[in-house]
There are 2 protein chains.
Amino acid sequence: MARPKRRVERRADLVEAARRAMLQHGTSVRLNQVAEQAGLTSGAVLYHYPDLQDLLLDANRAGMERFYDGRLRAIEGLNDPAQRLIVTIASGLPIDSDDDGVRLLCELGGAAARSTVYAALLTSLYDRQVAMYQVILESGAAQGVFVLADSSLTISRNLVALEDAYGYRMMARHSNIDHDVATRLIVDYARLATAHPLPLDILTTIGNSTQKNVKQT
Amino acid sequence: MARPKRRVERRADLVEAARRAMLQHGTSVRLNQVAEQAGLTSGAVLYHYPDLQDLLLDANRAGMERFYDGRLRAIEGLNDPAQRLIVTIASGLPIDSDDDGVRLLCELGGAAARSTVYAALLTSLYDRQVAMYQVILESGAAQGVFVLADSSLTISRNLVALEDAYGYRMMARHSNIDHDVATRLIVDYARLATAHPLPLDILTTIGNSTQKNVKQT
DNA sequence: ATTGTTCTTGAATTCGGATTCAAAGAATTC
DNA sequence: GAATTCTTTGAATCCGAATTCAAGAACAAT
């Protein structure tokens, strides 16, 4: 009844299963729940990952990388700094309160306060996102398109902070804050910080290159 | 060996114990761990709170109220809008990565995505904090001290969002972001939004009316 | 097909925590 | 200080989940 794959692939399957399980049950997810998501028994999971914590860590790491890569991909090919800025802002926010990527990250906020490992992971993600914005801002400033009201570091830190916070708000299903409203709120700040009008219609013309995540069973 | 108090007081003790236990173990804290914090056995806890979830909910509610009240108290007696704004910003951030109040709130971010109750709690806290800022901004604008670059709602939402996010960053012990840095980052935004210089020395002259929370055993 | 390796199951065991409750301790009242 | 009520303990029990492992299934190589 079993059909062995390569060790690496199997572990990847488990990482994916763990990701789904954590979305449902949080960081204190049970081994059985992961096994169920994987369509296996707990013993099989343990065969590949003797320690559940390692699996959860890998799953979260993978989730973070996927999120970050998605953002990079969202602006690849775009050259206009204003467009890059707006698209990046939009890609940092969850589509809705069911958005898998952001959901997983939100689970880690509390864990980071208690675990140095998760703290390091989240901090590194934050820093990379800040750097991402800095590149956009600096290039825009160099082209004379943006006139920065503060250092690019300050503005970038604030932009990522705003994304994070509105992500949390949306996960908590705030009735007045959806993807569109949150984008506008952050862009309002970005306008002040860059002295650029940052027209939002740039977004709609592109369509959402950010793909909606599929419903999980 | 037991020394009965009034029912209400005893429950308050348990709420406090639950708060401490959650700071150590997160929202998935065990009944025994709460009992230990209370210096009781699990049976005694169950006598007052037959359902642990109710106790945790009360504890988080209490934590939120305490946090909010603290912020209100921080600006009571202050009249200068600029001073009120800066002090409010500072009071929304944790003192350091051990700050109890913010720590507890961060634990709830993940839970809110899965629980409607915690979602409602966090949303209500957010909205109240937004309203708090709106009052300050509007009164400053009415006095001609502030010239708002966006609606007071937009600015207030962003200010609270920034606090939240930097709270999370600090809880994750970001090495470059402490209370002082985070305050400056948010104030940088507030300056753009209010067209007011918002001198930070206003803070130091007051001393911190925000009391440092005591080390817990 | 046979052999050997990899993978998975299912049952047994163990572990930890939740729950229950009779008995006893501690305050209150009179 | 006796009676009453409230509170806590500690032991027993229950339950779910983690862990272990022998046995068997699935595949690869030959």
Side-chain angles (χ1 to χ4, degrees), chain A residues 1-60 62 107 110-111 114-115 117-118 217, chain B residues 1-60 62 104 107-108 110-111 114-115 117-118 217:
Chain A
M1 199 193 285
R3 61 191 171 93
K5 291 185 179 182
R6 309 269 309 254
R7 183 164 176 280
V8 184
E9 298 169 28
R10 208 69 185 118
R11 279 172 71 103
D13 289 348
L14 289 178
V15 162
E16 178 55 22
R19 196 183 66 83
R20 286 198 303 271
M22 258 187 298
L23 285 171
Q24 283 184 35
H25 306 105
T27 51
S28 58
V29 65
R30 312 276 164 210
L31 174 59
N32 294 327
Q33 297 166 330
V34 175
E36 185 189 6
Q37 279 296 328
L40 295 173
T41 58
S42 59
V45 176
L46 245 24
Y47 174 80
H48 296 280
Y49 273 98
D51 186 343
L52 177 64
Q53 293 311 313
D54 294 341
L55 174 53
L56 298 185
L57 188 57
D58 279 0
N60 282 310
E107 293 290 349
R114 273 169 288 108
S115 145
V117 187
Y118 283 112
T217 44
Chain B
M1 201 193 282
R3 63 192 167 92
K5 292 185 179 183
R6 309 269 311 252
R7 183 164 175 280
V8 184
E9 299 169 27
R10 207 67 185 121
R11 280 172 70 103
D13 289 347
L14 289 179
V15 162
E16 178 57 22
R19 196 183 64 84
R20 286 196 304 268
M22 258 187 299
L23 285 172
Q24 283 183 36
H25 306 104
T27 50
S28 59
V29 64
R30 313 278 163 207
L31 174 60
N32 293 327
Q33 297 167 329
V34 174
E36 185 188 7
Q37 280 296 327
L40 295 174
T41 57
S42 60
V45 175
L46 245 25
Y47 174 78
H48 296 280
Y49 273 97
D51 185 345
L52 178 64
Q53 293 312 313
D54 294 342
L55 173 54
L56 298 185
L57 188 57
D58 279 0
N60 282 310
L104 201 58
E107 293 290 349
L108 301 185
R114 272 169 289 108
S115 145
V117 186
Y118 283 112
T217 44

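We name chains A, B, ... by the order of the sequence lines, and we start the count at 1 in each one. Because only heavy atoms are used, hydrogens play no part in the values below, and waters and symmetry mates are left out as well, while side chains stay in.
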Report task. Nearest whole angstrom, please: distance from the C1' of dA17(D) to the CZ of Arg30(A). Result -> 7 Å
Query raised in the report: Closest heavy-atom contact between Gly110(B) and Glu107(A)?
Result: O-OE2, 3.7 Å
Requested in this report: Grab the CG-P distance between Leu56(A) and dA18(D) for me, whole Å please.
Outcome: 11 Å
Query raised in the report: To the nearest angstrom, how far is Leu31(A) atom CG from dT20(D) atom P?
Result: 12 Å
Requested in this report: To the nearest 0.5 Å, tell me how far Leu52(B) CG sits from Gln33(B) CD.
Outcome: 10.0 Å
Query raised in the report: Of Tyr47(A) and Leu52(B), whose closest DNA chain C nucleotide lies nearer the 5' terminus?
Result: Tyr47(A)
Query raised in the report: Is any side-chain nitrogen or oxygen of His48(B) closer than 4.0 Å to OP1 or OP2 of dT8(D)?
Result: yes
Query raised in the report: How far does CG of Leu57(A) sit from OG1 of Thr27(A), to the nearest 0.5 angstrom?
Result: 12.0 Å
Query raised in the report: Can you tell me if the side-chain N/O atoms of Thr41(A) get under 4.0 Å from OP1 or OP2 in dT9(C)?
Result: yes
Query raised in the report: If only side-chain N and O atoms of Arg10(B) are considered, is one of them under 4.0 Å from the OP1 or OP2 phosphate oxygen of dT8(D)?
Result: yes
Query raised in the report: Rounded to whole angstroms, how far apart are CG on Asp13(B) and C1' on dT7(D)?
Result: 13 Å
Report summary line: Of Val29(A) and Gly43(A), the one whose nearest nucleotide on DNA chain D sits closer to the 5' end is Val29(A)
Query raised in the report: Quick one: Leu55(A) CG to dA18(D) P, roughly how many Å, whole number?
Result: 12 Å
Requested in this report: Kindly compute the distance separating CZ (Arg20(A)) from CD (Gln37(A)), expressed to the nearest 0.5 Å.
Outcome: 5.0 Å
Report task. Identify whether any heavy atom of Leu40(B) sits under 4.0 Å from a base atom; if not, whether one sits that close to sugar-phosphate; answer base, sugar-phosphate or nothing. Result -> sugar-phosphate
Requested in this report: Figure out the CZ/P separation between Arg11(A) and dC7(C), and round it to whole Å.
Outcome: 11 Å
Report summary line: note: Leu46(B), atom CG; dG10(D), atom P; distance rounded to Å ~ 16 Å
Query raised in the report: Atom CE in Met22(B), atom CG in Leu55(B): separation rounded to 0.5 Å?
Result: 7.0 Å
Requested in this report: Indicate whether OP1 or OP2 belonging to dG16(D) is found under 4.0 Å from a side-chain N or O atom of Asn32(A).
Outcome: no
Requested in this report: Mind calculating the distance between CG (Asp51(A)) and P (dT20(D)) to the nearest angstrom?
Outcome: 11 Å
